[in-house]
Amino acid sequence: MKVSVKTPATIANLGPGFDSFGLALPLYNIVSVEETVLPGSGIEINIINEKNNEERNIIDIPTDKNNIVYKAIELLYNFIGQVPNELKITIKTQIPISRGLGSSASVIVGGLIAANELLGRVTDEKVLLSIATEIEGHPDNIAPAFKGGVMMSSWEEDGSVVCRSLPWNDDWKLMVCIPDYELNTDVSRSVLPKEVPMASAIYNLKRSAMFVDALYNKDEELLKLALKDKLHQPYREKLVPGLNEITNNLKHVNGVIGTVLCGAGPAILIIYNGIGVSEIKEIVSNTWDYFNVETSFLNLPIEKNGAVIL
Ligand code: HSE
């Protein structure tokens with residue numbers, strides 16, 4: 001038996017909600033899990049990148065027991081008192097890797113849902129969310145990869161994940177600006193301080209509350225105020241040259257609601273109200289050009305569905 005699961009890309013943080021907010025995008029990875037025919041053949045992991053220009057990434061991804069999909073599946077087997085024996089895992093990737101678009105969350109979630117199905121649905125969504133978050137380290141990409149839409153999530157002290165869907169005003173458009181270089185999440189987290197000033201914590205606390213209220217009330221002016229951050233972006237600016245300049249250059253452009261780092265970066269998300277597309281693109285391209293960074297743009301709606309078994 002072989003089970004395949006298609007899981008969307010995600011963007012985490014969304015400004016003030018570090019490790020808490022995230023949304024799903026219509027770009028997908030597909031993970032297939034099957035028991036291999038020959039007993040004793042062990043673990044086989046194949047990674048197929050559907051974008052040929054990213055071959056180097058493929059080489060960097062472990063295809064042994066250090067692979068994160070395998071590790072997640074192993075935790076699920078352990079949860080039911082078993083160990084995985086003969087397994088073949090195939091990962092087809094469309095989501096750009098190490099850009100802040102949730103490629104790892106997507107394959108972790110896909111692998112877990114597929115393995116759970118293969119094992120005869122041994123556990124429920126709550127446990128899968130919790131195992132996925134344990135592997136990823138934070139739930140903000142995991143929750144929307146699993147369930148789609150815009151989500152708030154919290155990894156609780158007991159290991160459980162609390163998450164809720166938030167509404168989205170479809171008049172608010174997303175432009176994802178993807179630079180031509182990678183930034184590993186561990187590297188991007190390593191520059192964050194262990195403690196932050198109280199004023200920064202309060203700054204984000206207020207803006208997280210504004211963000212939720214703005215979404216419920218379709219309040220564009222409030223969202224403009226909310227899409228700011230003092231907990232991670234200021235520390236990551238040195239890893240994403242041009243972030244500060246792009247944010248400043250777009251501040252007064254008609255139509256722009258906010259500019260935020262996608263997850264741990266380096267991609268940048270611009271939320272705008274449908275006007276000014278070419279001006280926004282030009283500003284981003286020109287600014288990154290100054291830093292010798294090439295950009296590709298994706299204009300995408302929010303993916304309302306999460307992971308699906310194919
Ligand atoms: N919240 C995470 C971070 C998302 O910013 O490090 C990256 O996976």
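Along the sequence shown, the residues carry numbers beginning at 1. First listed ligand is number 1; within each ligand, the first listed atom is number 1.
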Under 4.0 Å from one or more heavy atoms of R236, ligand 1 contributes atoms 3 (C), 5 (O), 6 (O)

Quick one: do the Y272 and N299 side chains pair a donor with an acceptor below 3.5 Å? yes

For N292, does its backbone N or O pair with a side-chain atom of W288 as donor and acceptor, under 3.5 Å? no

Which residue and non-hydrogen atom of the protein lie closest to atom 3 (C) of ligand 1, and at what distance in Å? R189 NH1, 3.1 Å

So which of I11, D19, D186, D229 gets nearest to atom 1 (N) of ligand 1, if we judge by its closest heavy atom? D19

Contact between Q233 and ligand 1, counting heavy atoms under 4.0 Å? no

Are E245 and Y290 close enough that a side-chain donor and a side-chain acceptor fall under 3.5 Å? no

What are the atoms of ligand 1, with element, lying closer than 4.0 Å to any heavy atom of N141? 4 (C), 7 (C), 8 (O)

Please report the C-alpha distance between H138 and W155 in whole Å, then the side-chain angles of each, then the deciding distance to 0.1 Å, and finally whether the side-chain contact (heavy atoms from CB on, under 4.5 Å) criterion is met. CA-CA 7 Å; H138 33 85; W155 193 18; 5.7 Å; no

In ligand 1, which numbered atoms sit nearer than 4.0 Å to a non-hydrogen atom of D140? 1 (N), 2 (C), 4 (C)

Under 4.0 Å between a side-chain nitrogen and a carboxylate oxygen: does that hold for K71 and E74? no

Heavy atom to atom 4 (C) of ligand 1, shortest distance: which of H232, H138, E136 holds it? H138

Atoms of ligand 1 close to G263 [distance to a heavy atom under 4.0 angstrom, numbered from 1]: 5 (O)

Could you say whether the N/O atoms of N13 and ligand 1 ever approach to under 3.5 Å? yes

Establish, for the pair R207 and Y203, whether the NZ or CZ atom is under 6.0 angstrom from the six-membered ring centre and no further than 45 degrees off its axis. yes

Give a yes-or-no answer on whether the side chains of S154 and E156 include a donor-acceptor pair shorter than 3.5 Å. yes

